[in-house]
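Inspection log for the structure reproduced underneath, given as structure tokens.
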Amino acid sequence: MSMSTHTRIVFYGFWLFSFSFFLFCAPLQARLNIEIFGGGTERIPIAIVPFADESRLPHRITDVVSADLQRSGLFRLIDPTGLTPYAPAEVVYDDWVNRGASALVIGRTILMPGGQVEVQFRLLDVARQAQLTGLATIVPVTQLRAAAHHIADIIYEALTGEAGVFSTRIAYVLKQGNKYALQVADSDGYNAHSIIEYNEPIISPTWSPDGSRIAYVSFENKKPVVYVQTLATRERKAVANFAGSNSAPAWSPDGKKLAVVLSLHGGSQIYLINADGSGLQRLTRSSGIDTEPSFSPDGRHIIFTSDRGGSPQIYRIPVSATESTSAERLTFEGGYNVSPDFSHDGKSFAFIHRHNGRFNVAVQDLASRQVQILTSSQFDESPSFAPNGRMILYATEIGGHGILSAVSRDGQTRQHLSVQTGDIREPAWGPLLKQK
Amino acid sequence: MKKIAGVLIISLLSACASQTTQPTDVEDRSTGADSSYGADSSALSSGGSGFHPLNDPNSVLSQRSVYYDFDSYTVKNEYRPLVIAHAQYLRDNPNAQVILQGNTDDRGSREYNLALGQRRADGVKNIMTLSGARASQIESVSLGEEKPRAYGSGESAWSQNRRTDILYRGE
């Protein structure tokens, strides 16, 4: 792991707004740290000039854009101090060539009546002295951060050819004392709010493919029960509350079904159920443990953890499996491979691999079966791919506290996102949403 | 599955004294591998004669936790009288119901640990049903690593967290 760069960005005064509608009223507060270790070898040098008049706004757009791009590990920020072009005619390209920038971002903000802001930005190619892309949009002041993430996504896509994921959201569980909160936040950890809070554990949150619902496991009734909650209405429903334990929900890619793990008929086995709780159908039939299902992007297969071979390993089974279908074992290195998450292109999966007493994030290519271990920490859990497949979000432990971390698919860049006042765990990266 | 469970229980009742810590680094299913016949599950009696047997500190029924060795779901000999006493109480009190909560220490995947805890609770349930309790009186569930009795890492904390708790409905 390269440690050549160590950038630390601290966001002060970060407040988590909690919509506590069940048991608690006290909002949970925290401060977010993002730490970046290492970085890819070929980072794009980009200069981002503070937009005209943005210092009069509650959030400086270019601060958000800069943090996003830097966090991706694919960009190197060039200091724009002393140069303040806001329009293409004001750009002296030689200045930026001399500073080593290959891309330049300029723009302006115009405060409008009624709390609206017009934001204009342009991405310029320094070598070709030409505009690559741009945007003019009018947003409410309250949506400035969202607008900034959108701009970062446009820049990211224009310069890397991949979809940006800065406008996506993440979900995770925050434990503070004996309180558990299921929280949703922007991909940079801002705008966090609790969608549910309890005195009992919550685990295994997972996003519906359209981002409108989250399935999770709650222990509020002395046992694990699977719930589906609609974010917009906060309405929630127990979709798997059978005798015994109900856990490990995974959405089918069309959002119509869930794979869940039940002990209903003995052991821990994988079942399919409609997202409204109807139509229970058993999928796996082993005498061992089958758990942690994850759908392939085409919805035709499920990968899961099973100890049917004596140690927990990752297996694959068709969703159309009958009683006589046998699952195919996928992992063979080591005696503890768990928590698989299919990549969105269906070509690989992330999982937790134990090696020399450490639990680390690894990725296995399905075709070549090649395994790459991406982290070197002690206790990593719950890997979750970013929707562009570029990063993997996971939970890890530092100083006895659970924090979130993300590692690039190639293992070259890691970042920590931490809420310092509690234990944070069980992260799930939400889907790419359609353009507003 | 039922057949496997039956063989497993016979094995547990007859041979678990020799099966303590699993040598492997993770849970496996080897406990059911070989078995000898002969254990009489009804031979052990609590002889319960208290007015409030479930809460009488002199009664074995006041003991509600079964503890396990590392990576094991075998009910150890020392806990068998406790489990069988509760089974006989359930047999003699058909309206009584219990929930068995399996627990694990906090190393490894939360969901996989949930399944391991389920296996512990299921093992206790199987002994109870073989000892006269009705399956309908017992719900076996798992809390995995989510409800530790002792916090911190190290064997002293972990050993308290590897357990099955017996809770009576309405208590």
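Proteins come first, then strands; the chains are lettered A, B, ... in the order of their sequence lines, and each starts at number 1.
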Evaluate the side-chain proximity of A/Y336 to B/S109: yes if any heavy-atom separation is below 4.5 Å, no if none is. yes
I need the B/Y112 OH to A/T291 OG1 distance, nearest 0.5 Å. 9.5 Å
Measure A/F242 against the heavy atoms of chain B and call it side chain, backbone, both or neither at under 4.5 Å. backbone
Do you know the tightest heavy-atom contact between A/Y180 and B/E146? OH-O, 4.0 Å
Based on non-hydrogen pairs under 4.5 Å, which of A/P224, A/G400, A/S339 is most in contact with chain B? A/P224
Ionic contact status for B/D165 with A/K222, cut-off 4.0 Å: no
Of the backbone (N, CA, C, O) and the side chain (C-beta and beyond), which part of A/R425 lies under 4.5 Å from a heavy atom of chain B, both, or neither? side chain
Per-residue contact mode, B/L114 against chain A (heavy atom under 4.5 angstrom): side chain
About how many Å separate CD of A/E426 and CZ of B/R110, when rounded to the nearest 0.5 Å? 5.0 Å
Check the side chains of B/Q118 and A/S268 for a donor-acceptor pair under 3.5 angstrom, ignoring hydrogens and angles. no
Contact class of A/I352 relative to chain B, heavy atoms under 4.5 angstrom: neither
Name the region of B/S142, side chain, backbone, both or neither, that has any atom closer than 4.5 Å to a heavy atom of chain A. both
The reported gap from CZ in A/F359 to CZ in B/R107 (rounded to nearest 0.5 angstrom) is 7.5 Å
Output for pair (B/N113 CG, A/E381 CD), nearest 0.5 Å, gives 8.5 Å
At a 4.5 Å cut-off on heavy atoms, which part of B/K125 comes close to chain A: side chain, backbone, both, or neither? neither
What part of A/V217 gets closer than 4.5 Å to chain B, counting heavy atoms only: side chain, backbone, both or neither? side chain
Under the 3.5 angstrom rule, does the side chain of B/E139 hit a backbone N or O of A/G244 as a donor-acceptor pair? yes
Donor-acceptor pair between B/E111 and A/S247 side chains, under 3.5 angstrom: yes
